[in-house]
Amino acid sequence: MDLIARLRAGLPGEAILTDPDVTGSYAHDMASFCEAGTPAVVVLPRTVEEVQHIMRTATELRVPVVPQGARTGLSGAANASDGCIVLSLVKMDRIIEINPVDRIAVVEPGVINAVLSRAVNEHGLYYPPDPSSWEECSIGGNIGTASGGLCCVKYGVTAEYVLGLDVVLADGRLLTTGRRTAKGVAGYDLTRLFVGSEGSLGIVVRAVLALKPEPPQQLALAAEFPSTAAACQAVCEIMARGHAPSLLELMDRTSIRAVNDMARMGLPDSTEALLLAAFDTPDPAADLAAVGKLCTAAGATEVVPAETAAESDLLLQARRLTLTALERVKSATMIDDVCVPRSRLAEMLDGTAAIAEKYGLTIGVCAHAGDGNTHPTVCFDAADPDESRRARESFDDIMALGLQLGGTITGEHGVGVLKKEWLARELGPVGVELQRGIKDVFDPLGILNPGKLF
């Protein structure tokens with residue numbers, strides 16, 4: 001019996017896609033410079049039992065399986081390999097439970113981040129992780145790549161909110177990890193092992209997520225600086241003085257000008273860096289005033305605090321428009337994701353500017369400054385082979401710079417295909433050997449998302 005027939009034995013007909021024109025649309029995520037193969041079939045299960053049937057079939061026939069969420073990733077982690085089963089989890093999109101007493105939500109992997117956030121808000125609760133693609137990305141994808149977001153400076157990343165998981169293993173067995181309780185230290189923390197594993201250890205089919213009480217409405221300020229060094233000094237002062245902003249974002253000159261060109265936001269040409277800070281404390285105006293003084297002392301030429309939520313949204317609009325604006329500069333972009341210690345942030349931005357000059361490219365940087373997580377965006381003409389080559393080489397130089405400054409090659413986007421060579425450099429040979437050993441325990445046949453990470 002062939003693969004499709006075996007799958008049909010345990011799946012409804014509408015859950016199996018074989019038309020090449022359709023399956024080809026599932027071949028890749030949003031990353032540039034990442035090879036993608038041709039899947040043999042795309043399956044869209046709705047139940048745990050259907051996922052188990054898919055994995056048993058894949059194991060019996062030795063067929064690779066590539067798990068996918070919403071395919072908004074930026075590392076090629078969801079890219080198909082030739083002849084694989086693409087296992088799309090978008091149809092498993094139920095919010096099973098929201099429990100205000102235990103402050104947890106139990107969800108399936110296809111639930112969209114924004115949908116969950118709004119649902120828990122109705123109970124006076126808050127799910128903090130908020131990737132920029134939160135209106136499109138799925139919780140399963142967020143777990144697979146250990147996603148971050150704008151609010152991580154105060155609330156942390158996805159890994160800190162995943163209490164427990166149900167995972168279908170490569171051979172079809174169902175594993176339950178973690179807990180529903182606020183505390184628990186029984187055995188090895190397998191839950192954390194799956195978070196960020198990019199579908200290489202198992203298929204997440206249910207997640208128990210921690211929630212927080214919904215905070216007050218945040219207020220924001222924007223501070224303009226004559227240099228990135230001055231803006232980064234302000235970031236260091238804000239964090240060193242013990243402030244806890246709910247958002248602390250930075251845009252460099254290239255990003256500011258791209259947004260100005262697109263949206264006519266009126267930022268002066270002399271602005272070399274824009275720092276955006278927000279607080280969701282009981283008295284955000286007082287916190288903004290204190291941070292505004294630190295910005296002025298660091299050299300800010302103008303500090304504009306918001307007085308209302310609507311004004312805050314206007315101030316934050318420039319940051320939200322950054323990627324869209326940079327995408328207008330050239331036909332293609334590569335978005336990097338290098339995280340460095342906050343104290344080295346200025347060196348990272350200045351070094352990236354030097355790399356842009358070296359390769360004759362436009363590279364805009366926006367950053368989750370409070371985390372030291374930078375997103376250099378390389379703009380290039382995909383139809384120009386030389387410019388494409390320079391874009392890829394500049395991308396590598398940026399990652400090398402991040403490691404040199406004591407950072408990591410990815411703060412929230414993951415490794416996938418794009419950065420697996422660099423993962424080996426960051427981990428070192430002993431680290432790679434141990435991580436491959438873990439992979440072998442969970443996936444001895446190597447059928448789960450092959451070619452990713454290592």
Side-chain angles (χ1 to χ4, degrees), residues 1-18 23 26 29 39-71 73 77-81 83-97 105-112 116 137-145 162 164-178 190-191 193-209 439 441-450 452:
M1 189 181 294
D2 68 9
L3 172 63
I4 305 303
R6 293 284 285 274
L7 290 171
R8 290 191 191 282
L11 296 173
E14 67 271 14
I16 301 173
L17 307 178
T18 57
T23 59
Y26 287 82
D29 62 17
V41 60
V42 174
V43 291
L44 297 100
R46 292 181 180 271
T47 68
V48 173
E49 292 76 18
E50 289 175 2
V51 176
Q52 290 181 283
H53 171 70
I54 293 163
M55 293 312 305
R56 290 189 191 109
T57 300
T59 291
E60 290 168 8
L61 300 180
R62 306 298 197 263
V63 179
V65 176
V66 176
Q68 288 185 349
R71 291 184 290 115
N79 284 15
S81 54
C84 76
I85 299 170
V86 165
L87 200 172
S88 174
L89 295 155
V90 295
K91 300 294 187 183
M92 297 182 69
D93 60 355
R94 293 184 304 143
I95 298 175
I96 298 168
E97 177 187 356
V106 182
V107 305
E108 291 182 329
V111 173
I112 299 302
L116 174 63
C137 64
S138 66
I139 295 298
N142 294 168
I143 292 170
T145 56
V162 182
L165 296 170
D166 280 357
V167 182
V168 175
L169 300 176
D171 59 9
R173 289 179 296 164
L174 183 64
L175 169 69
T176 296
T177 76
L190 296 183
T191 303
L193 190 59
F194 283 103
V195 179
S197 66
E198 302 183 17
S200 65
L201 301 179
I203 312 297
V204 172
V205 291
R206 191 191 69 143
V208 181
L209 304 174
K439 164 76 168 169
V441 169
F442 284 90
D443 181 25
L445 299 178
I447 64 171
L448 281 171
N449 217 6
K452 315 297 166 54

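Just so you know, residue 1 is the first one in the sequence shown, and it goes up from there.
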I112 side chain reached by D93 side chain, heavy atoms, under 4.5 Å: no

With side chains defined as the heavy atoms from C-beta onward, is the minimum distance between M55 and L87 less than 4.5 Å? yes

According to side chain to side chain contact (heavy atoms under 4.5 Å, CB included), who are the partners of V63, at least two apart in sequence or on a separate chain? L3, L61, I85

Rounded distance [0.5 Å steps], CG in D2 versus CZ in R8: 9.0 Å

Do V107 and L209 touch side chain to side chain, with heavy atoms closer than 4.5 Å? yes

Enter the distance from T59:OG1 to L445:CG here, rounded to the nearest 0.5 Å. 6.0 Å

Rounded to the nearest 0.5 Å, how far does NZ of K91 lie from CD of E108? 13.0 Å

Residue set satisfying side chain to side chain donor-acceptor pair (under 3.5 Å) with T191, at least two apart, ordered chain then number -> T177

By salt bridge (charged side-chain N to carboxylate O under 4.0 Å, His left out) - contacts of E49 (at least two apart): none

Salt bridge (charged side-chain N to carboxylate O under 4.0 Å, His left out) partners for D443, two or more places apart: K439

Tell me, please, which residues at least two apart from D29 pass side chain to side chain donor-acceptor pair (under 3.5 Å). none

I need the minimum non-hydrogen distance between A80 and V86, along with the two atoms involved. CB-CG2, 4.0 Å

K452 versus V66: any side-chain heavy-atom pair under 4.5 Å? yes

Drop me the distance from L190's CG to L165's CG, to the nearest 0.5 angstrom. 10.0 Å

Can you give me the closest heavy-atom contact between S138 and A70, atom names plus distance? OG-N, 3.7 Å

With sequence neighbours left out, what residues match P444 under side chain to side chain contact (heavy atoms under 4.5 Å, CB included)? none

Separation between CE of M92 and CZ of R94, rounded to the nearest 0.5 Å: 7.5 Å

Check: P45 and I54 side chains under 4.5 Å, non-hydrogen atoms: yes

For Y26, enumerate each residue passing the ring pair (Phe, Tyr, Trp, His ring centres under 6.0 Å) test, keeping only those at least two apart in sequence or located in another chain. none

Does a side-chain heavy-atom distance below 4.5 Å link V208 with V162? no

N449 and V65, any side-chain heavy atoms less than 4.5 Å apart: no

Would V41 and T23 satisfy side chain to side chain contact (heavy atoms under 4.5 Å, CB included), going step by step from the backbone distance to the final call? CA-CA 7 Å; V41 60; T23 59; 5.8 Å; no

Within this structure, what is the SG-CG distance for the pair C84 and L448, rounded to the nearest 0.5 Å? 11.5 Å

Taking every non-hydrogen atom, the tightest pair across A207 and I143: CB-CD1, 3.7 Å

With sequence neighbours excluded, residues passing side chain to side chain donor-acceptor pair (under 3.5 Å) with R46: none

Of all the heavy-atom pairs spanning A15 and L11, show the shortest one and how long it is. CB-CB, 4.4 Å

Candidate pair I16 and T18, rule side chain to side chain contact (heavy atoms under 4.5 Å, CB included), full reasoning: CA-CA 7 Å; I16 301 173; T18 57; 4.1 Å; yes

With a 3.5 Å cut-off and sequence neighbours excluded, list the donor-acceptor pairs that the side chains of residues 198-205 form with protein atoms.
unit_1 : atom_1 : unit_2 : atom_2 : d
E198   : OE1    : G416   : N      : 2.7
E198   : OE2    : V415   : N      : 2.6
E198   : OE2    : G416   : N      : 3.4
S200   : OG     : S197   : O      : 2.6

Evaluate the side-chain proximity of S88 to V43: yes if any heavy-atom separation is below 4.5 Å, no if none is. no

Identify every side-chain donor-acceptor pair in residues 166-176 under 3.5 Å, counting partners at least two apart or on other chains, and give the distances.
unit_1 : atom_1 : unit_2 : atom_2 : d
D166   : OD1    : T176   : OG1    : 2.9
D166   : OD2    : R206   : NE     : 3.1
D171   : OD1    : R173   : N      : 3.1
D171   : OD1    : R173   : NE     : 3.3
D171   : OD2    : R173   : NE     : 2.8
D171   : OD2    : R173   : NH2    : 3.3

